[in-house]
Amino acid sequence: MKATAKAHTNIALIKYWGKRDETLILPTNNSLSLTLDGFYTTTTVTFRDDLSSDTFFLNDQAITGEQFNRVSTFLDLIRSETQATNLYAEVRSTNHVPTAAGFASSASGFAALAAATTRALDLSISDQDLSRLTRQGSGSACRSIYGGFVEWRQGTKPDGSDSFAVQVQPAEHWDVRVAAVVLSDTMKKVSSREGMKRTVNTSPFFSGWVNSIPYDLELIKQGIKDRDFEKVGNIAEANCLKMHATTLGANPPFTYWHATTLAVMQEVQTMRERGIPAFFTIDAGPNVKVLYLPKDEATVKKALLDIPGVHDVIVSRSGQGVTYL
Ligand code: 2P0
């Protein structure tokens, strides 16, 4: 009863920002992401009859507290939903997601955990069911089951049975690159869970955000299909700005941006004025991700590294979905 799975993280081009059910992790809007091959987690799950509780090791360190509880609660969910075992498990994960890069390692982490756990229990489960299950560990993780461009359909049912991700286009469809711009000062004050909740509950801009999603989603999917980089980049950048605008309307208001975040955003816009198609997107933290095409890689990387306050730039191609090792 042992299996190992590998899952990549993903970057949202249409953001998931807001829950309608916090326990089941059901979102208020559809979202769309690109899976990234540069950042991933491998996880081995072993169910053992000599354990009196679950154990979790991350990069060979024993983990306790909130991080452990999220893993153990997720295993409880699989045990109770599938009735496949009542044994406890040893979970060993290795994160190849530099924490400083500002990617939520929870996306690759929960996707790899769900895949390894269901495989260790020998459950035959469709990708859709795996995505639905993974969603309950961390929302954005349900998109990491698949490679390439992926849409998480929010669904309408209260039990969440129709809330899961589907692949829009495989990684091979289009070679789009993403540069993760790592800032020197990356302290994050508001977690994405708390930030989303506060925005849903208090921001008068939240309804505007939600109402704008169907249009953005339709256009970006057409742009991806047509490999129209200007279209996809412009929609992704505008969608990110709308998400971040909702936080300024929250009570108390907050922003994830630092001074260097703005400097990177301005440099990306300057690159465009110089004829280099590059577009930014930002998650629930100060780091910036920049979308660009392969021919511009050297230019984009150099321009970003030259910005004062930028610590590193890590580039990635589009990646594959979950695999088993
Ligand atoms: C996203 N983010 O679509 C958005 C954009 C952050 C900004 O998904 O509470 O770690 O575990 O469902 O998935 C971060 O939130 O939150 C996120 P939970 P998650 O990628």
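Order of appearance sets the numbers: ligands from 1, and atoms from 1 within every ligand.
Residue contacts with ligand 1: S31 is placed with no nitrogen or oxygen under 3.5 Å of a nitrogen or oxygen of the ligand (distance criterion only).
A salt bridge is defined here as a Lys NZ or Arg NE, NH1 or NH2 lying under 4.0 Å from an Asp or Glu carboxylate O, and R92 with D60 meets this definition.
Remark: the backbone N or O of G147 is paired with a side-chain donor or acceptor of Q167 at under 3.5 angstrom.
Looking at heavy atoms from C-beta onward, T118 lies out of side-chain contact with D129 at the 4.5 angstrom threshold.
Atom numbering of ligand 1 starts at 1 in the shown order; those under 4.0 Å from a heavy atom of S192 are 10 (O), 14 (C), 15 (O). Atoms of ligand 1 lying under 4.0 Å from any heavy atom of I25, numbered from 1 in the order shown and given with element: 12 (O). Below 4.0 Å from some heavy atom of R70 lie the following atoms of ligand 1, by number and element: 11 (O). Listed by atom number, the atoms of ligand 1 under 4.0 Å from R193 heavy atoms are 9 (O), 11 (O), 18 (P). Atoms of ligand 1 lying under 4.0 Å from at least one heavy atom of K19, given by number and element, are 9 (O), 12 (O), 18 (P).
Figure legend: cation-pi geometry between R177 and Y292 absent, as NZ or CZ is not positioned both under 6.0 Å from the six-membered ring centre and within 45° of its axis.
For the 3.5 Å distance criterion, the side chains of Q320 and E172 qualify, holding a donor opposite an acceptor. With hydrogens and angles left out, the side-chain atoms of W17 and S192 include no donor and acceptor closer than 3.5 Å. Neither side chain, N10 nor T35, offers a donor N or O lying under 3.5 Å from an acceptor on the other.
Between the choices N29, D283, L32, the shortest heavy-atom distance to atom 5 (C) of ligand 1 belongs to D283. For atom 10 (O) of ligand 1, the choice among S138, P27, G139 with the nearest heavy atom turns out to be S138. Around atom 6 (C) of ligand 1, the closest heavy atom drawn from G18, S106, G195, A284 belongs to A284. Taking all heavy atoms of R143, E194, K15 into account, the minimum distance to atom 20 (O) of ligand 1 is reached by R143.
Residue contact annotation: M196 has a non-hydrogen atom under 4.0 Å from ligand 1.
Residue contacts with ligand 1 for A12 involve side-chain atoms from C-beta outward but no N, CA, C or O (heavy atoms, distance under 4.0 Å).
When each of I314, I307, V290, V300 is tested with V181 by the rule side chain to side chain contact (heavy atoms under 4.5 Å, CB included), just one qualifies, namely V290.
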